[in-house]
Amino acid sequence: MATTAPTGSPLSQPSLTHPPPPRKVTTVKALSELPGLSSIPSIYTFPKQTYHEPVSDTKEPIPTIDFSLLTSSHPGQRSKTIRELGKACRNWGFFMVTKHGVPERMMKAIIEVCREFFELPEEEKRGIGGKHVLDPIRFGTSFNESVDEILCWRDYVKIFQHPEFHSPKKSPSFSKRVRLVAREIIRGISESLGLEKDYIDETLNLENGLQLIAANLYPPCPRPELAMGLPPHSDHGLLTLLIQNQIGGLQVQHKGKWVNIDPIPNSFLANIGDHIEILSNGKYKSVLHRAVVNNRDERISIAVPHGPALDAIVSPASKLVENVGNPPAYGAMKYKEYLELQQGTMLNGKSCLERIRNGD
């Protein structure tokens, strides 16, 4: 004989006791290659009024830093370049780095290696790594597909390069060369703030600092006006160096407006991260940037973020607080905890940084 569950019991309300099945998320590359694709699923559609502000036609050039002058043995040349670096950090937060010494063939080769990876079968890519922010190799789509309410038109692979080198198959030559460039720029930033040359390097233990490669694939999108490659965000860490194939898509917020940043061959695009903003007590600010997509060309970008050691506690430099007489604008936090905080939330402007701002 059938029994009737009492009102209010779990048996009478199955929809409340059983969570909905997890959504199945494919890669954007696989989605973009569907025959006859002329629209995009609603899960990829961003609110137009929030994320698609018009782009400025400003002719103001992004600053350029000649790395050979930053490392010059001529004191006058180096001092002038450090002043230019400080101005670039204050006014833009982004700058081009030229004459950096990393061979162009090496930069092109790493882009090609990443392209080959994205061409692998989806099952093979999905099986290479974990999902936690501290897993040394991760492949995925969007930013954090487990929490994103709207998915980004982007696939990625992230690979830790330092303090331990991880890679499916390639040598660490590119990462070693880029790391040398990043540490010299960070030394220049330290001096531009009025700190000792090695203050950031030693205080945040950059000898064991985190370096990773984040390769991004932005396939052609049939409705680019609805989608975003990555929504507005700032980067964690100290400094990110970026290269890309010769397809534009990066936009930077400058003076309250979005500006297209066109790729320059054989150069790095550099930007300061949240932890320079914290250490400088807000004198230098990390800057919002976003990736837009197009309906014609596949864009590949390779970002190489450089951060403190995972166990380093980052706070405003005492000299910048004591000598200037302004209170610390940010609380102290271990770098590892900041990464986990960012991983647990949707990509949303500078929301993680705001959570550790004092007085808010």
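Everything quoted here is computed from the prediction, not taken from an experiment. When reading the values below, keep in mind they use all heavy atoms of this one structure, side chains included, and skip hydrogens, waters and symmetry mates.
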> If we only count heavy atoms from C-beta on, is the Trp258 to Val292 side-chain gap below 4.5 Å?
Replying inline: no
> Just wondering, do Leu31 and Trp153 contact through their side chains at under 4.5 Å, heavy atoms?
Replying inline: yes
Going from [atom1] on [X] to [atom2] on [Y], what distance comes out if it is rounded to the nearest 0.5 angstrom?
X	Y	atom1	atom2	result
Ser286	Leu239	OG	CG	12.0 Å
Leu341	Cys352	CG	SG	4.0 Å
Ile186	His306	CD1	NE2	7.0 Å
Ile110	Arg105	CD1	CZ	12.5 Å
Ile300	Ile302	CD1	CD1	7.0 Å

> Per the salt bridge (charged side-chain N to carboxylate O under 4.0 Å, His left out) rule, which among Arg357, Lys285, Lys283 passes with Glu277?
Replying inline: Arg357
Kindly say whether [Y] contributes a backbone atom to a donor-acceptor pair with the side chain of [X] at under 3.5 angstrom?
X	Y	result
Arg299	Ile247	yes
Ser190	Glu196	yes
Asp148	Phe143	yes

> Looking at Asp198 and Arg187, does any basic side-chain N land under 4.0 Å from a carboxylate oxygen?
Replying inline: yes
>> Holding to side-chain contact (heavy atoms from CB on, under 4.5 Å), I want the full list of residues that pass it with Lys87, two or more places apart in sequence or in another chain.
In response: Arg90, Asn91
> Which word best sums up how the rings of Phe139 and Phe117 line up, parallel for under 30°, tilted for 30 to 60°, or perpendicular for over 60°?
Replying inline: perpendicular
>> Test: salt bridge (charged side-chain N to carboxylate O under 4.0 Å, His left out). Region: residues 29-39. Which pairs qualify, not counting sequence neighbours?
In response: Lys29-Glu33, Lys29-Glu119
>> The test is side chain to side chain contact (heavy atoms under 4.5 Å, CB included); show your working for Ile243 and Val102 and say whether it passes.
In response: CA-CA 12 Å; Ile243 61 174; Val102 181; over 6 Å; no
> Quick check, are the ring centers of Phe268 and Phe67 under 6.0 angstrom apart?
Replying inline: no
>> Quick check: Tyr338 with His275 (ring centres under 6.0 Å apart)?
In response: yes
> How about Asp155 and Thr141: does a side-chain donor come under 3.5 Å of a side-chain acceptor?
Replying inline: yes
> With ILVMFWY side chains joined below 4.5 Å, transitively, what does Val133's cluster contain besides itself?
Replying inline: Leu134, Phe160, Leu210, Leu212, Leu310, Tyr335, Leu339
> Could you go step by step and tell me if Ile200 and Ile276 meet the side chain to side chain contact (heavy atoms under 4.5 Å, CB included) rule?
Replying inline: CA-CA 9 Å; Ile200 298 176; Ile276 286 291; 4.0 Å; yes
> Only one of Leu70, Thr71, Asp66 forms a side-chain contact (heavy atoms from CB on, under 4.5 Å) with Thr81, so which one is it?
Replying inline: Leu70
